[in-house]
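Input: a single structure, listed below in structure tokens.
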Amino acid sequence: MTMEDEGDLVNGGWLGAVGLGGAHRPVGLLSALCEAHTIRRLELPMHTMLPVLLRQMLLPAMIDALGVPGTRQEWAERFHRGCFSPDEQDRLAHYLNERYGDRFRLFDAERPFAQVAGLQALNSQTKTAAQLVPSVASGNNVPMFSALSEADELLLTPGDAALWLLHAHCWDTASIKTGAAGDPQAEKGKTTGNPTGPLGQFGVIVPTGRTLYETLLLNTPILPDGLEPGDRPQWAWDERPAGLGCASPAGAAWSERSATGLLDLLTFQARRIRLITCETDPGRRVHRAIVSAGDRLAQTPEFEPHTAWQHTAKPKKGQSHRRPRRHASGRAAWQGLGTLLSMTLPVHSDGPYTSLLLRQIGDLRTTRVLAGQYPLGVETSGLEYGTQSAVVENAIGDDLPLPVMALLAQDKWLSKALLECVDQADRVARALDGLHNDLRRAAGGDPLPRDKGSRPSAQFLHSLDATMRRLLAGLRSVDEDDEELLERAQLAWEQSVYIAANREADLLLAAAPPRAVVGRTVKNGDKEFVYRSGKAIGVFRKKLAEVLERATEERGTTSEEVAAA
């Protein structure tokens, strides 16, 4: 039978893979794992899909079939081999075919993958498959640039339907869900009070390697005590001990509960879903779906591998010391390096604490398991929800190179330099906004309100994006004792910031009306403030010289000389 007939996710070619040479080819779950060393990356529709596929399929299948590494040495042996051994490939094949193969069929009549067979709405109605895809209009979720309206029928191929099915389990909105027949908690045909999917609770951080195989290992926690007893992935839910109190994800009923272990957390079924198909000329397609309430994660556990944390030294009564951090909308990933590089828990103060996996990578470097020059990457993703988290307002996604040496908890020489670069960009951006406001005052206007208008800092920071990525990529090869290279890199960075800032300042000055040259005097109580374009640009250049000391010294001027120029 073909992929379209039964939706065989193990052997059907439903995933797009990009090889090391750039060639594209279709793969199924088994091929994606066994051939992971030949795959550079998977072709996925959006940034939020990578953690979905890793968590809901690839990682739990690998971990459950092969076991989790218990020591750094065991992890290192797997990593440096660069591929699954013939024995491991045989075990993966047995796991995904003979043992659980019948549970990875998307359209199986009795046990469809990640769904509830025969799920029915209390009102007997179904909805368009668009409710699975956040970029397509459906219900209250109406993206501004959606190519389809709710009246249009969306036909999903089996492969696309599988991806968006898993995406809903991870990222679905908190909107009212269809009441399911057999769900004792459904009232008046619906279920309210739903949280977003588990990944919607935090900003996702995924370390990436040169191949899919390396990415899998970089996302595998080292667990000295192994997996929790009774911890099973969702497709083996019937093997969980009854005493754990988990509702069957193959039924309409659901529960609010904690994750029982890593496999349960990765494959958490946050919704009860049924895909409904139709026959078309190209083959079987998913055109309708039922999405009802599913299990609710009581809280994000501290063994969650893909989030950074906000530590609070003195939390309020009943609150935890740590809570997951979200990504800031409109900011590039490098602007959040302060969080990514926070390797030490701020026990006596409030502050960020990086993800479990990045801490593990830093530890692997400290113990010489991972080379300091390893070309590590990091992908960040998140969804920004609006109106009681019932709609998706924005998708956040970025990837950047990250020097492994910057993840050392003890020797912070490189992370300190990188954070200085980020701080310089931030301070210069604020100075540009200050110049903009002073020019507006000099022209007779008022500063921009904090939450309105387009600010020059946004364009400035965007212009630095490629420069910062080159800096990060270049510093992945730096050694501990190569202070001269690091100093040259910081000087080159400051010169780039200097040029970009002055270019933006010149544009602001050129846009100021002639009356800004004469300026005006503003009284505030007993004090008078004089605003003129000449004074404003002088103040800005002095701040620029103070922030970019290396570039200023290289030009042979002082901050006072710059301000007077």
Side-chain polar contacts of residues 240-247 - donor-acceptor pairs under 3.5 angstrom, sequence neighbours left out - could you list them?
{"residue": "Arg240", "atom": "NE", "partner": "Arg232", "partner atom": "O", "Å": "3.4"}
{"residue": "Arg240", "atom": "NH2", "partner": "Arg232", "partner atom": "O", "Å": "3.0"}
{"residue": "Arg240", "atom": "NH2", "partner": "Asp264", "partner atom": "OD1", "Å": "3.2"}

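Inspection of the His287 and Thr277 side chains reveals no N or O donor paired with an N or O acceptor under 3.5 Å. Side chains of Thr196 and Gln201: a donor-acceptor N/O pair is present below 3.5 angstrom, by distance only. A donor atom on one side chain and an acceptor atom on the other are found under 3.5 Å apart for Arg325 and Thr339.
Ion pairing between a basic and an acidic side chain is recognised when a charged N comes within 4.0 Å of a carboxylate O; Asp363 and Arg359 show no such pairing. For the pair Arg81 and Glu77, the salt-bridge criterion is not met [side-chain N within less than 4.0 Å of a carboxylate O].
Remark: the backbone N or O of Arg257 is not paired with any side-chain donor or acceptor of Ser255 at under 3.5 angstrom. A distance-only check finds no donor-acceptor pair linking the side chain of Trp171 to the backbone of Leu383 [under 3.5 Å]. Proximity of a side-chain donor or acceptor of His24 to a complementary backbone N or O of Ala17 within less than 3.5 Å is not detected. Listed for the Arg288 side chain is a donor-acceptor partner under 3.5 Å among the backbone atoms of Thr126. Side-chain atoms of Asp231 come within 3.5 Å of backbone N or O of Leu262 as a donor-acceptor pair. Distance alone, capped at 3.5 Å, places no donor-acceptor pair between the Asp398 side chain and the Ala332 backbone. Formation of a donor-acceptor pair under 3.5 Å by the Thr267 side chain with backbone atoms of Pro233 is not found in this model. Side chain of Gln299 to backbone of Leu297: no donor-acceptor contact under 3.5 angstrom is found. Remark: side-chain polar atoms of Asn194 are paired, donor with acceptor, to backbone N or O of Thr191 under 3.5 angstrom. Using a distance-only test at 3.5 Å, with no hydrogens or angles considered, no donor-acceptor pair links the side chain of Trp309 to the main chain of Ser355.
Rounded to the nearest 0.5 Å, atoms CE (Met62) and CG (Leu29) are 12.0 Å apart. Going from atom CE of Met343 over to atom CG of Leu358 covers 6.5 Å, rounded to the nearest 0.5 Å. Between atom OG1 of residue Thr215 and atom CG of residue Leu42 there is a gap of 9.0 Å, rounded to the nearest 0.5 Å. Distance check, rounded to the nearest 0.5 Å: OG of Ser248 to CG of Asp295 gives 9.0 Å. Distance CG/Leu9 to CG/Leu15: 8.5 Å, rounded to 0.5 Å. We find the CZ-CD distance between Arg326 and Glu384 to be 10.0 Å, quoted to the nearest 0.5 Å.
Listed by chain and number, the residues in a side-chain hydrogen bond (donor to acceptor under 3.5 Å, both in side chains) with His311 amount to none (sequence neighbours excluded). Qualifying ring pair (Phe, Tyr, Trp, His ring centres under 6.0 Å) partners for Trp334, counting only residues two or more places apart in sequence or in other chains: none. Checked against ring pair (Phe, Tyr, Trp, His ring centres under 6.0 Å), Phe202 has no partners two or more places apart in sequence or in another chain. Under the rule for a side-chain hydrogen bond (donor to acceptor under 3.5 Å, both in side chains), Thr208 has no partner lying at least two apart in sequence or in another chain. The side-chain hydrogen bond (donor to acceptor under 3.5 Å, both in side chains) search around Asp172 returns Lys177, Arg271, not counting sequence neighbours. The ring pair (Phe, Tyr, Trp, His ring centres under 6.0 Å) search around Tyr213 returns Phe84, not counting sequence neighbours.
When side chains are defined from C-beta on, Asn219 counts as touching Leu59, because their heavy atoms get closer than 4.5 Å. Counting heavy atoms from C-beta on, the side chains of Asn97 and Asn11 come closer than 4.5 Å. Two residues are said to be in side-chain contact when any heavy atoms from C-beta on lie closer than 4.5 Å; Leu156 and Arg285 fail this criterion. A 4.5 Å side-chain heavy-atom check between Leu155 and Thr280 finds at least one atom pair inside the cut-off. At a threshold of 4.5 Å between non-hydrogen side-chain atoms, the residues Leu50 and Ser381 do not count as touching. Inter-residue side-chain proximity for Leu407 and Leu340 is flagged as unmet; no heavy-atom pair is nearer than 4.5 Å. You'll find the side chain of Val206 reaches within 4.5 Å of the side chain of His306, heavy atoms only. In this structure, Thr300 and Pro198 have side chains that are not in contact, with every pair of non-hydrogen atoms separated by 4.5 Å or more.
Closest of all the heavy-atom pairs between Thr220 and Pro69 is CG2-CD, 3.6 Å. The two atoms that bring Val204 and Pro51 nearest to each other are CG1-CB, 3.7 Å, heavy atoms only. Here the closest heavy-atom approach between residue Gly182 and residue Ala252 is recorded as C-CB, 3.9 Å. Shown here for Ala117 and Ala109, the closest heavy-atom pair between the two residues is CB-O, 3.5 Å. Across every non-hydrogen atom of Thr380 and His47, the tightest pair is O-CD2, 3.9 Å. Residues Pro305 and Pro221 share a closest heavy-atom pair of CB-CG, 4.4 Å.
Pairs of residues two or more places apart, or lying in two chains, that qualify as salt bridge (charged side-chain N to carboxylate O under 4.0 Å, His left out) and include a residue from residues 14-26 are Arg25-Glu35. Pairs engaging residues 203-212 under the salt bridge (charged side-chain N to carboxylate O under 4.0 Å, His left out) rule: Arg210-Glu214 [sequence neighbours left out]. Residue pairs meeting the salt bridge (charged side-chain N to carboxylate O under 4.0 Å, His left out) criterion with at least one member in residues 111-124, sequence neighbours excluded: Arg111-Asp238. Each side chain to side chain donor-acceptor pair (under 3.5 Å) pair with one or both residues in residues 114-123, not counting sequence neighbours, would appear here, but there are none. Counting only residues at least two apart or in different chains, salt bridge (charged side-chain N to carboxylate O under 4.0 Å, His left out) contacts with residues 178-189 are absent.
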Pair Tyr374-Phe79, ring-ring contact (aromatic ring centres under 6.0 Å, His included): steps then yes or no: CA-CA 12 Å; Tyr374 178 75; Phe79 187 83; 5.6 Å; yes
Residue pair Leu119, Ile273: steps toward the side chain to side chain contact (heavy atoms under 4.5 Å, CB included) verdict: CA-CA 7 Å; Leu119 184 69; Ile273 302 175; 5.6 Å; no
Chi angles and distances behind the side chain to side chain contact (heavy atoms under 4.5 Å, CB included) call for Leu44, Leu53: CA-CA 9 Å; Leu44 299 169; Leu53 203 58; 4.0 Å; yes
Side chain to side chain contact (heavy atoms under 4.5 Å, CB included) between Val116 and Arg274, intermediate numbers included: CA-CA 6 Å; Val116 177; Arg274 176 187 163 206; 5.7 Å; no
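Here Phe113 and Tyr100 keep their ring centres 6.0 angstrom or further from each other.
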